Amino acid sequence: MEQTNKFKEIEVKWRKYWEEHPELYRADDKSDKKKFYVLNEFPYPSGSGLHVGHAFSFTGGDVYARFKRMQGYNVLFPMGWDAFGLPTENYAIKMKKKPQQVTRENTDMFRSQMKKLAFSYDWSREVNTTDPKYYKWTQWIFIKLFEAGLVYKKEMPINWCPSCKIGLANEEVVDGKCERCGTEVSRRNISQWVVKITDYADRLIDGLKETDFIDKVKQAQINWIGRKEGLIIDFLVENRDKKISCFTKYPETIFGTTWVVVSPEYLDLDSLVTVEQKQEVTKYIEESKKKNELERTSGTSEKTGVFTGSYVVNPVNRKKIPVWIGDYVLANFGTGAVMGVAPHDSRDFMFAQKYGLEMIQVEVPKNDSTYIIDSYEKVIEDGVMINSEQFNGMKARNEAYKAICDWMVENNWAQRKIEYHLRDWIFSRQHYWGEPIPMIFCENCAKNKFSIFNSQFSIKDKKIKESSYGWMPIPENQLPLVLPEVEAYEPTDDGLSPLSRIPEFVNCVCPKCGGKAKRETDTMPNWAGSDWYFLRYCDVNNDIEIASQDKLERWLPVDVYIGGDEHNTLHLLYSRFIHQFLYDIKAVPTPEPYKMRMSHGVILGPDNARMSKSKGNVIVPEVVADKYGVDVVRMYLMFMGPFTGTMAWSENTLMGVKRFLNRFEKYIVNQISDLRFQNNASNKEVKVIINKLVEGVTKDLETFGYNTTIAKLMKALNEITISKKQFPKEDIEVLIKLMAPFAPYITEELWSKVGAHGNASVHQQLWPVAEEKYLSEETVVIPIAVNGKVRSQLSITNYELRIEEKEIIQKARELENIKKWIDGKIIKKEIYIKGKMVNFVIEG
RNA sequence: GCCGCUGUGGUGAAAUUGGUAUACACGCAAGACUUAAAAUCUUGUGGUCUCAACAACCGUGUGGGUUCGAUUCCCGCCAGCGGCACCA
């Protein structure tokens with residue numbers, strides 16, 4: 001009890017001191033010191049406050065920032081709020097409060113909790129995505145994208161959540177259900193703003209080369225973009241002046257193509273269906289319409305289809321092959337038509353088997369020319385070509401792919417094509433609590449086919465140009481377009497944004513013709529504000545630029561970006577895309593925003609399950625900190641396991657960390673009281689312990705090895721207390737410094753007690769550097785092995801490390817326990833690894 | 001199914017470039033202090049054999065391989081976790 005109160009006293013005292021000295025953690029825009037930018041993903045300030053996941057991730061960032069600061073870097077370590085979004089809107093509706101007010105309450109709560117946990121943010125750089133001064137620039141980015149022809153309006157079937165009454169991006173649909181509420185998603189046609197992120201697909205892959213992201217993250221990005229090279233092959237329809245184009249990644253299988261399938265939504269479908277087949281086709285299409293998206297796209301379902309009655313010609317061998325309709329073909333991928341090669345695609349195999357279509361195998365495994373494929377599980381990926389005329393005998397993927405592509409393109413049967421899994425990004429949301437999209441639509445100008453692209457920009461894509469008729473961004477000097485405060489936030493039943501019910505907002509004047517015009521009433525998705533927030537931290541108060549070039553050049557790129565796995569694909573991709581675009585229009589000085597991405601682990605509940613209110617296993621960091629002390633919680637979080645790992649909360653382990661901190665404090669206090677009486681002289685044994693510790697801690701901190709850093713500190717304290725040596729003041733100070741990033745309160749208190757530093761905080765001190773001469777010990781113990789098995793040890797002093805190999809081996813031979821093994825045996829080989837190992841290889 | 005990751009004590013986990021496997025902590029056991037409890041401190045703690053110690057043997061999911069020597073590198077398999085899935 002007494003102990004706990006002491007912790008609290010210290011915490012209150014130093015929190016007040018830090019509050020009064022904000023310059024401690026301020027990033028300096030003018031300093032000559034080398035910069036270092038540590039970024040934690042900014043949180044969504046929910047009503048339930050800071051959870052353990054936040055505390056874990058933020059402590060990890062804070063330790064790193066404190067470490068780098070002490071190493072003498074000019075550190076930028078900022079924090080802000082990603083505050084737009086549905087939960088706040090829903091909560092506001094429920095509580096009959098304004099979202100603006102809810103956001104203010106929540107961010108106030110988060111900020112004070114963060115201060116309590118001693119996160120060393122530069123609070124003068126706080127940003128909030130819902131602040132008009134901030135979203136002015138989110139809107140500005142949208143306008144720039146529009147001007148560059150990277151945003152267009154499109155009437156398109158979107159994923160519609162009937163419960164949230166909102167359109168969802170593909171990314172927000174999980175298992176066919178709404179990511180937020182779990183309701184099954186349906187399709188709905190709505191005119192949406194769409195961002196052409198696909199234009200940047202290759203750049204987003206290539207740019208990864210310039211980053212130090214861990215492989216896992218790079219791979220996730222590459223997979224999501226899903227670049228696929230292949231051909232679009234044209235199949236001419238018999239007796240009609242038409243063609244069906246199919247995209248394929250595997251053009252080398254063209255000689256095995258024995259049919260073509262189109263999706264039920266295929267545009268030209270009517271002209272392909274013969275009179276005899278008409279009835280059957282109509283029936284099939286009716287049935288497939290009844291299936292929902294989930295049924296149609298579950299990989300295991302039966303492949304069904306119907307013959308159209310038409311035939312096309314396989315260009316490479318003039319063979320007549322049938323055209324089918326099948327709902328396993330997707331209308332919105334590739335060309336909506338697929339060539340069927342039964343033996344080399346598992347779906348095609350199932351389809352061919354069901355309808356008795358011809359199968360021609362065109363590849364065999366490298367060593368077995370008699371191999372026949374008779375099941376969809378045996379599809380060959382890379383074999384040797386057969387049944388393919390002049391290409392027979394070639395290796396399929398390496399040689400035949402290239403040769404067949406060249407040959408077909410030369411003959412005008414096909415064109416090269418790259419497809420992506422990545423789709424354009426639906427940017428419209430029909431909700432209140434988001435950035436208003438700063439666009440105006442003028443019907444009059446639309447009738448006159450006015451497009452701002454006509455006069456200002458050269459946009460090649462005809463569809464994009466047409467979609468822009470009548471649409472204009474609001475003039476830049478009118479930004480920000482402020483979200484009006486309204487009484488009702490509920491979306492309308494027809495799915496329109498609540499803003500559409502406010503005539504004062506909707507009705508405006510056309511900037512072009514001066515006539516009556518209407519504003520866009522959709523708002524932007526959550527991602528819009530979080531794509532670029534790291535830029536704003538560099539220059540928060542700038543109201544003429546997104547941030548000044550000068551300051552961006554000083555701080556970019558972000559040196560370490562710490563966040564969760566769940567943002568490794570979407571957020572990171574969107575954010576990199578926006579940054580690359582801003583680089584192209586010369587608004588930012590670096591091609592990539594983040595140098596290194598660190599993805600932190602997950603803290604599970606004490607029951608080893610994900611924390612959730614319904615399971616009742618939620619740990620609230622604030623509550624634990626009140627009980628045991630902030631430093632204990634911080635240090636425990638960092639000690640639990642590797643920073644990237646998944647681990648369960650355990651009160652027992654936390655108690656171990658608490659014991660350690662108590663022992664540490666007690667030890668230092670005892671030493672300090674001794675210091676007054678004696679001037680302890682430096683002692684070599686002590687110096688070795690301290691310097692090895694400095695070296696190890698520094699190295700581990702650098703690579704986020706927090707758990708081993710703390711283990712080393714614990715081990716050193718054990719050694720120190722056992723040795724019962726008196727420590728000189730300078731070494732006591734080193735110990736306090738090494739602990740400072742983890743335990744800011746206790747170390748600050750001890751630092752003030754150790755004395756003679758004026759008013760300087762421990763967090764402003766320079767990080768100790770290990771002295772080379774103390775890093776090697778007096779004596780080294782070398783294991784001696786026989787046939788690789790350690791049988792004995794040999795103690796040698798440093799001096800002897802320099803003596804002849806022969807002498808070491810001779811000494812090793814003379815050891816009792818070694819003699820036992822080697823006497824009377826023939827030694828085939830003697831191996832000595834300097835300072836590490838001796839191994840005798842004997843016969844038998 | 002595909003992609004990625006991970007398998008080490010009773011538990012969370014360490015192990016540099018291939019060089020003494022299990023650091024650090026938890027838990028457990030015994031002991032000290034205490035009227036008692038808590039707290040604190042000390043000692044022990046992979047397995048087999050042994051009264052015990054020494055020694056020996058076995059041990060990093062599993063089966064092989066490379067090597068003087070493999071938790072680490074290579075090949076095959078098994079189990080678990082995460083992500084994506086009729087993407088042609």
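Given the structure is predicted, the values throughout are model-derived calculations rather than measurements. First the proteins, then the strands, lettered A, B, ... as listed; each starts at 1.
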Of A/Gly334 and A/Gln219, the one whose closest nucleotide on RNA chain B sits nearer the 5' end is A/Gln219
When we call it a touch if two heavy atoms are under 4.0 Å apart, what does A/Gly641 touch: a base, just sugar-phosphate, or nothing? nothing
Are any side-chain N or O atoms of A/Thr253 and backbone N or O atoms of A/Gly256, one a donor and one an acceptor, separated by less than 3.5 Å? no
Just how far, in rounded Å, is C1' of B/C84 from CG of A/Leu570? 12 Å
Have a look at A/Ser650 and say if it touches a base, only the backbone sugar-phosphate, or nothing, with a 4.0 Å heavy-atom cut-off. nothing
Assess the side chains of A/Glu651 and A/Tyr628: does a donor N or O sit below 3.5 Å from an acceptor N or O? yes
Just checking A/Lys789: base, sugar-phosphate only, or nothing, at a heavy-atom cut-off of under 4.0 Å? sugar-phosphate
Scan A/Arg227 against the nucleic acid and name what it touches under 4.0 Å (heavy atoms): base, sugar-phosphate only, or nothing. nothing
Whom does B/U50 pair with, Watson-Crick or G-U wobble, provided both distances fall under 3.5 Å? none
Just N and O in the side chain of A/Lys829: are any of them under 4.0 Å from OP1 or OP2 of B/C68? yes
Looking at the angle O4'-C1'-N9-C4 for a purine or O4'-C1'-N1-C2 for a pyrimidine, is B/G63 syn or anti, with syn meaning within 90° of 0? anti
Here the residues of residues 597-605 of chain A within 4.0 Å heavy-atom distance, strictly under, of RNA chain B are none
By the 4.0 Å heavy-atom rule, please label A/Asp565 as base, sugar-phosphate, or nothing. nothing
Tell me what A/Val841 touches on the nucleic acid: a base, only sugar-phosphate, or nothing, going by heavy atoms under 4.0 Å. sugar-phosphate
Which residue lies more 5' along RNA chain B, comparing A/Ile722 with A/Met714 via nearest heavy atoms: A/Met714
I'd like a table of atom pairs between the protein and nucleotides 19-23 of chain B - only N or O on both sides, under 3.5 Å - with the distance next to each one.
| unit_1 | atom_1 | unit_2 | atom_2 | d |
| --- | --- | --- | --- | --- |
| B/U20 | O2 | A/Gln793 | NE2 | 3.3 |
| B/A23 | O2' | A/Lys715 | NZ | 3.4 |

May I ask you to verify if any side-chain N or O of A/Asn662 is less than 4.0 angstrom from the OP1 or OP2 atom of B/A39? no
Go through the structure and list residues passing ring-ring contact (aromatic ring centres under 6.0 Å, His included) with A/Trp821, not counting sequence neighbours. none
Integer-rounded Å distance: B/C68 P and A/Ile822 CD1: 19 Å
Checking only heavy atoms, does the side chain of A/Arg659 share a donor-acceptor pair with the base of B/C26 at less than 3.5 Å? no
Indicate, with a heavy-atom threshold strictly under 4.0 Å, whether A/Trp649 touches base, sugar-phosphate, or nothing. nothing
